[in-house]
Amino acid sequence: MSRRWSARPRPPLQVAEAVTVTGARHGSRAGDQRVLVVGGALVAPALAVALARLGRPSVWLDTTTPATSAAADPRPIALANASVQILRGLGLWPPLREAASPIETVHVSQAGHFGKLRLRACDCGVDALGHVVVAGRIASVLADAVSDDPLIEHVTSAQLRLRDDGRGVSVVEATSPARAWSGDLLIVADGRPEPIADLPLTTQQSDYQQVAIAASLNVTRPHAQVAYERFVKGGPLALLPLANGDAGLVWTLPEPRAAALMALDDAEFSARLKYAFGGWLGDISLAGKRAAFPLALKEARVSDPQMPVMLIGNAALQLHPVAGQGFNLALRDVAALVDLLMEPESDPGAPALRGAFQRMRRADRQRVKWGTHLGVRLYSGTSPLSAAIRAPVLGLLSVLPGASRQFARAAMGLTPPQSRLVRGARI
């Protein structure tokens, strides 16, 4: 795994020619303070909807390319218990519920070893440890919520840069003629690829030199609402229960092997998958197209503290998909921001709000970052030391009830402090 550090200083900002500015609201009363939200089709619209529920207008600058690809995203998303609460509080859970499969058991194992860990919802005092929904379905529900809300302006524009107008913050298209949008705060919710040129960032990146293959699968045995996480040679393999009785795949592999598997026809790929996973779900076949995503651990922060810009979701912290924590962590970012903006006289453009947000989110982000990173190193490594301790770790977790319950609560996003939305608030 390679590591890269980079600091991108703030360059002189340019003002584009032939710019059409839409709806600048800087200096208006608190209820009209507008937020610019930049990102793709999951975290950014979720944030825009949350802002609208608070009565705050926003512009969602949609960087999804192409714009129609989000609804076809085959990735299975394991929504933690806390994430379901957040979506319920935003009024987004009812249209998702019918497409969601509850996770009643999490089954963790390592190929070639006896140690297994089973986490059961009933042992943790909850009906479900989480729910699995295909990413494309989440994107569609969010798109519908955005289109129905007059407080959200949705704009598709993948090439953006900052524009210095001496007040608030402005974003302009990197094309001519160009449109521009101004607001009191810019929130970047997506870091792949870099969504805004000229944004002064300091980043740290560790390349896993791995690729995640995602797909929907037909299986011949009932999944019984069990989510499987199996550590095989090269990395983790997750098969997650889907609402229609099928399963969602996220298979992490070294780059060369992933490329070779993606080149196979569907039948041969399915045979290789069943050999790696085992026979718990019977015969396995592809139910749709495969998609591949390069993996890295990436952290970023805005290097100019005076700039009214915040990073959330994978713009701030991009994770390995082991344990499926990326989108869940991002939703907790959204919930924390909701808490801050619900305070009387809260100002989205104030430095105090940005500082408070960083303090609120630091512990949760670091806990998830190191938990996933160390898990990848332990269960993807080939060293004799890592091989010797893998099975005992699973074994200890399985026989120590307190440890397994604590692990489960962390995976459900229920460790304190909890936001209003996680505690059951509705906005």
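Residues take their numbers from the sequence shown, with the count starting at 1.
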Enquirer: Rounded to the nearest 0.5 Å, how far does CG of L297 lie from OH of Y208?
Expert: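 CG of L297 is found 4.0 Å from OH of Y208.
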Enquirer: For D127, does the CG atom have more than 12 heavy-atom neighbours from other residues, nucleotides or ligands under 6.0 Å away?
Expert: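 Atom CG in D127 is not crowded, with 12 or fewer foreign heavy atoms closer than 6.0 Å.
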Enquirer: Between L92 and L142, is any pair of side-chain heavy atoms under 4.5 Å apart?
Expert: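 SC-SC contact between L92 and L142 confirmed.
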Enquirer: Please check if any side-chain donor atom of R161 sits under 3.5 Å from a side-chain acceptor atom of S170, or the reverse.
Expert: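 There is no such pair (donor and acceptor under 3.5 Å, judged by atom type) between the side chains of R161 and S170.
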Enquirer: Do R354 and P348 come within less than 4.5 Å of each other through their side chains, counting heavy atoms only?
Expert: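 With C-beta onward as the side chain, the pair stays apart.
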Enquirer: Do N328 and S83 have a side chain donor and acceptor closer than 3.5 Å?
Expert: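 N328 vs S83: donor-acceptor pair found between side chains.
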Enquirer: Answer yes when R118 and D123 have at least one side-chain N-carboxylate O distance shorter than 4.0 Å, and no when they do not.
Expert: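 No, this pair does not count.
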Enquirer: Is the backbone of Q418 close enough, under 3.5 Å, to the side chain of R423 for a donor and an acceptor to pair up by distance?
Expert: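 Yes, because the side chain of R423 sits within donor-acceptor range (under 3.5 Å) of the backbone of Q418.
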Enquirer: Could you give the distance from OG1 (T220) to CG (L281), rounded to the nearest 0.5 Å?
Expert: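 Spacing of OG1 (T220) from CG (L281) equals 8.0 Å.
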Enquirer: According to the ring pair (Phe, Tyr, Trp, His ring centres under 6.0 Å) rule, which pairs have a member within residues 278-309, sequence neighbours left out?
Expert: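 Output for this query lists H107-W280, Y228-W280, F277-W280.
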Enquirer: What I'd like to find out is whether the side chain of L341 reaches to under 4.5 Å of the side chain of L51, using heavy atoms alone.
Expert: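 With C-beta onward as the side chain, the pair touches.
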Enquirer: Counting only N and O atoms by type, is there a donor-acceptor contact under 3.5 Å from the side chain of R420 to the main-chain atoms of A425?
Expert: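 No, the answer is negative, given that no donor and acceptor are paired below the 3.5 Å cut-off.
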Enquirer: Please examine the side chains of V59 and V37, heavy atoms only from C-beta on, and report whether any two atoms are closer than 4.5 Å.
Expert: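 No; the side chains remain at least 4.5 Å from each other.
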Enquirer: Does D266 use its side chain to pair, donor to acceptor, with the backbone of S285 at less than 3.5 Å?
Expert: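 Judged by distance alone, no pair lies under 3.5 Å.
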Enquirer: Is there a side-chain contact between L185 and M310, using heavy atoms and a 4.5 Å cut-off?
Expert: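 Result yes, sub-4.5 Å side-chain heavy-atom pair found.
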Enquirer: Would you say the side chain of Q225 lies within less than 4.5 Å of the side chain of S101, judging by non-hydrogen atoms?
Expert: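 SC-SC contact between S101 and Q225 confirmed.
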Enquirer: Considering only NZ, NE, NH1 and NH2 on the basic side and carboxylate oxygens on the acidic side, decide whether R365 and E299 come within less than 4.0 Å.
Expert: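 E299 and R365: not salt-bridged.
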Enquirer: What's the verdict on side-chain contact (heavy atoms from CB on, under 4.5 Å) for L264 and M262, showing C-alpha distance, side-chain angles and the deciding distance?
Expert: CA-CA 6 Å; L264 297 175; M262 288 294 289; over 6 Å; no
Enquirer: Should I284 and L239 count as side-chain neighbours, where that means a heavy-atom distance under 4.5 Å?
Expert: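 Contact flag for I284/L239 side chains = yes.
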Enquirer: Taking R301's backbone N and O only, do any of them form a donor-acceptor pair with T202's side chain (distance below 3.5 Å, no angle check)?
Expert: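 No.
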Enquirer: Return yes if a side-chain donor-acceptor contact under 3.5 Å exists between T415 and R367, otherwise no.
Expert: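 A donor-acceptor contact under 3.5 Å links the two side chains.
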Enquirer: Are any side-chain N or O atoms of R230 and backbone N or O atoms of L237, one a donor and one an acceptor, separated by less than 3.5 Å?
Expert: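 Absent.
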Enquirer: Would you say the side chains of Q325 and H320 form a donor-acceptor pair under 3.5 Å?
Expert: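 No.
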Enquirer: Would you find a donor on one side and an acceptor on the other, under 3.5 Å apart, between the side chain of R290 and the backbone of L261?
Expert: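 Looks like yes, one N/O pair under 3.5 Å.
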Enquirer: R120 and T105: side-chain donor and acceptor closer than 3.5 Å?
Expert: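 Distance-only check fails for R120 and T105.
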Enquirer: Within the 4.5 Å heavy-atom criterion, are W93 and Q85 side-chain neighbours or not?
Expert: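 A side-chain contact is absent here, since even the closest heavy-atom pair is not under 4.5 Å.
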Enquirer: Quick one: do D73 and R137 satisfy salt bridge (charged side-chain N to carboxylate O under 4.0 Å, His left out)? Show the steps, please.
Expert: CA-CA 8 Å; D73 190 339; R137 176 59 179 164; over 6 Å; no
Enquirer: How would you list, by chain and number, every residue that makes a side chain to side chain contact (heavy atoms under 4.5 Å, CB included) with D265, sequence neighbours excluded?
Expert: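 D265: side chain to side chain contact (heavy atoms under 4.5 Å, CB included) contacts with A267, E268.
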Enquirer: Check whether the side chains of D207 and Q205 place a donor and an acceptor atom closer than 3.5 Å, and report yes or no.
Expert: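 Indeed, the side chains of D207 and Q205 share at least one donor-acceptor pair under 3.5 Å.
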Enquirer: Can we say D184 and R34 salt-bridge, meaning some charged N sits less than 4.0 Å from an Asp/Glu carboxylate O?
Expert: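 Result for this pair is no, no salt bridge flagged.
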